[in-house]
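Input: a single structure, listed below in structure tokens.
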Amino acid sequence: MANAKVRVRTAVLDDLPALTDIHNHYVLHTHVTFDLKPFTPDQRLPWFKDHSDGKRYRILVAEDASGVAGYACTGRHRAKEAYDTTVETSIQCRPDWVGRGLGTLLYTSLFEALADEDIHCVVAGIAQPNDASNALHARLGFQILGTFSQVGRKFGKYWDVTWMQRPLSP
């Protein structure tokens with residue numbers, strides 16, 4: 001992130017169009033999300049609300065002079081109460097920000113923001129292959145739990161998902 005001024009903050013509803021644009025890039029051009037069709041901001045509103053309780057579930061955005069550069073979020077892992085202390089995380093950056101340290105900044109900021117919440121562990125499902133995401137998660141203390149083989153079909157091909165986990169406070 002040399003010479004780039006980036007600030008991290010809590011997402012607000014006005015960010016939803018930019019968040020949707022970032023996500024839609026990955027929907028249309030990659031296998032890293034198993035969404036098959038792009039969204040409108042209105043269609044992404046339930047996702048935004050589900051990830052914005054200001055406690056366990058949060059969306060943080062990184063913004064530069066041109067707007068939202070990326071985001072990291074936590075959401076519900078499973079609906080049963082016993083899973084409440086586990087959150088699932090996701091991260092996406094604008095293509096021009098990939099590989100420039102933004103993911104580390106976002107995740108570090110997110111985990112710091114969650115430090116006082118009743119969260120025991122964080123999990124992430126990563127569609128494979130995805131060397132950059134695997135490396136980011138490993139650098140931040142995630143351990144591989146295992147891989148679900150051929151669980152998603154996109155672009156006429158089946159994809160694996162590797163699940164990783166880390167305690168909130170490593």
Side-chain angles (χ1 to χ4, degrees), residues 1 4 6-11 15 19 22-23 25-27 29-35 44 47-48 50-63 68-154 157-170:
M1 275 190 294
V6 175
R7 80 177 180 117
V8 176
R9 61 173 174 76
T10 300
D15 296 320
L19 298 173
I22 291 169
H23 185 71
H25 166 79
Y26 293 94
V27 170
H29 302 288
T30 76
H31 70 281
V32 301
T33 176
F34 287 169
D35 291 320
R44 286 288 279 178
W47 167 85
F48 186 89
D50 286 345
H51 291 78
S52 298
D53 75 356
K55 296 176 185 167
R56 282 188 179 98
Y57 312 129
R58 298 180 188 219
I59 305 169
L60 295 185
V61 298
E63 82 183 338
V68 175
Y71 68 91
C73 64
T74 49
R76 179 171 290 246
H77 171 60
R78 301 271 175 137
K80 295 180 180 174
E81 254 182 288
Y83 288 112
D84 281 352
T85 60
T86 299
V87 294
E88 187 172 337
T89 190
S90 183
I91 189 164
Q92 292 184 329
C93 300
R94 280 191 337 234
D96 60 315
W97 273 98
V98 172
R100 295 175 56 192
L102 193 62
T104 299
L105 175 65
L106 279 163
Y107 262 166
T108 301
S109 299
L110 181 63
F111 298 153
E112 287 173 4
L114 295 170
D116 293 330
E117 299 301 328
D118 184 23
I119 298 172
H120 180 65
C121 71
V122 180
V123 297
I126 304 166
Q128 299 298 314
N130 192 335
D131 293 340
S133 188
N134 294 340
L136 170 66
H137 286 83
R139 265 194 320 276
L140 293 171
F142 284 79
Q143 300 293 316
I144 294 174
L145 299 174
T147 299
F148 292 179
S149 296
Q150 300 184 359
V151 293
R153 185 174 64 192
K154 187 170 182 180
K157 180 178 175 183
Y158 286 97
W159 303 93
D160 299 345
V161 175
T162 295
W163 282 92
M164 299 180 84
Q165 170 184 329
R166 67 161 271 180
L168 183 57
S169 300

Mind checking side chain to side chain donor-acceptor pair (under 3.5 Å) for [X] and listing every partner two or more places apart, or none if nothing turns up?
X      : value
Ser109 : none
Thr108 : none
His23  : Asp35, Gln92
Arg44  : none

Does the cation-pi check pass for Arg166 over Tyr107, that is, NZ or CZ under 6.0 Å from the six-membered ring centre and within 45° of its axis?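 Relative to the ring axis of Tyr107, which defines the angle, Arg166 lies outside at least one limit.
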Which is it for Asp50 and Arg76 under the side-chain contact (heavy atoms from CB on, under 4.5 Å) test, yes or no, and what are the steps along the way? CA-CA 8 Å; Asp50 286 345; Arg76 179 171 290 246; over 6 Å; no
Looking only at non-hydrogen atoms, find the nearest pair between [X] and [Y] and report the distance.
X      : Y      : answer
Pro129 : Trp159 : CD-CZ3, 3.8 Å
Gly70  : Leu102 : N-CD2, 4.0 Å
Val98  : Cys93  : CG2-O, 4.3 Å
Ala113 : Leu60  : CB-CD1, 4.4 Å
Trp163 : Val161 : NE1-CG1, 3.6 Å

Polar side-chain atom of [X] near backbone of [Y] as donor-acceptor pair, under 3.5 Å:
X      : Y      : value
Lys55  : Asp118 : no
Thr89  : Ala124 : no
Arg56  : Val87  : no
Tyr57  : Cys73  : no
Lys154 : Val32  : no

Residues two or more places apart in sequence or in another chain: which of them pass ring pair (Phe, Tyr, Trp, His ring centres under 6.0 Å) with Phe34?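 Once residues adjacent in sequence are excluded, Phe34 has no partner under the ring pair (Phe, Tyr, Trp, His ring centres under 6.0 Å) criterion.
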Are any non-hydrogen side-chain atoms of Thr10 and Ile59 less than 4.5 angstrom apart?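 Thr10 does not reach Ile59 side chain to side chain.
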Yes or no on side-chain contact (heavy atoms from CB on, under 4.5 Å) for His31 and Lys157, after CA distance, side-chain angles and deciding distance? CA-CA 9 Å; His31 70 281; Lys157 180 178 175 183; over 6 Å; no
Would Val61 and Val8 count as a side-chain contact (heavy atoms from CB on, under 4.5 Å) if you check the C-alpha gap in whole Å, the side-chain angles of each, and the deciding distance to 0.1 Å? CA-CA 6 Å; Val61 298; Val8 176; over 6 Å; no
To the closest 0.5 Å, what do you measure between [atom1] ([X]) and [atom2] ([Y])?
X      : Y      : atom1 : atom2 : value
Leu106 : Ser90  : CG    : OG    : 11.0 Å
Ile91  : His137 : CD1   : NE2   : 7.0 Å
Ile119 : Thr74  : CD1   : OG1   : 5.5 Å
Tyr71  : Asp15  : OH    : CG    : 11.5 Å
His25  : Arg94  : NE2   : CZ    : 11.5 Å
Tyr83  : Cys121 : OH    : SG    : 10.5 Å

Under the salt bridge (charged side-chain N to carboxylate O under 4.0 Å, His left out) test, residues paired with [X] that sit two or more places apart:
X      : result
Asp160 : none
Glu63  : Arg7, Arg9
Asp131 : none
Asp53  : none

N/O donor-acceptor pairs under 3.5 Å from side chains in residues 141-150, not counting sequence neighbours:
| residue | atom | partner | partner atom | Å |
| --- | --- | --- | --- | --- |
| Thr147 | OG1 | Thr162 | OG1 | 2.9 |

Going by side chain to side chain contact (heavy atoms under 4.5 Å, CB included), name the residues that satisfy it together with Arg139, two or more places apart in sequence or in a different chain.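 So Arg139 forms a side chain to side chain contact (heavy atoms under 4.5 Å, CB included) with Thr104, Ala135, Leu136.
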Could you name each residue pair satisfying side-chain hydrogen bond (donor to acceptor under 3.5 Å, both in side chains) that touches residues 119-130, not counting sequence neighbours?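 Qualifying pairs, neighbours excluded: Gln128-Asn134.
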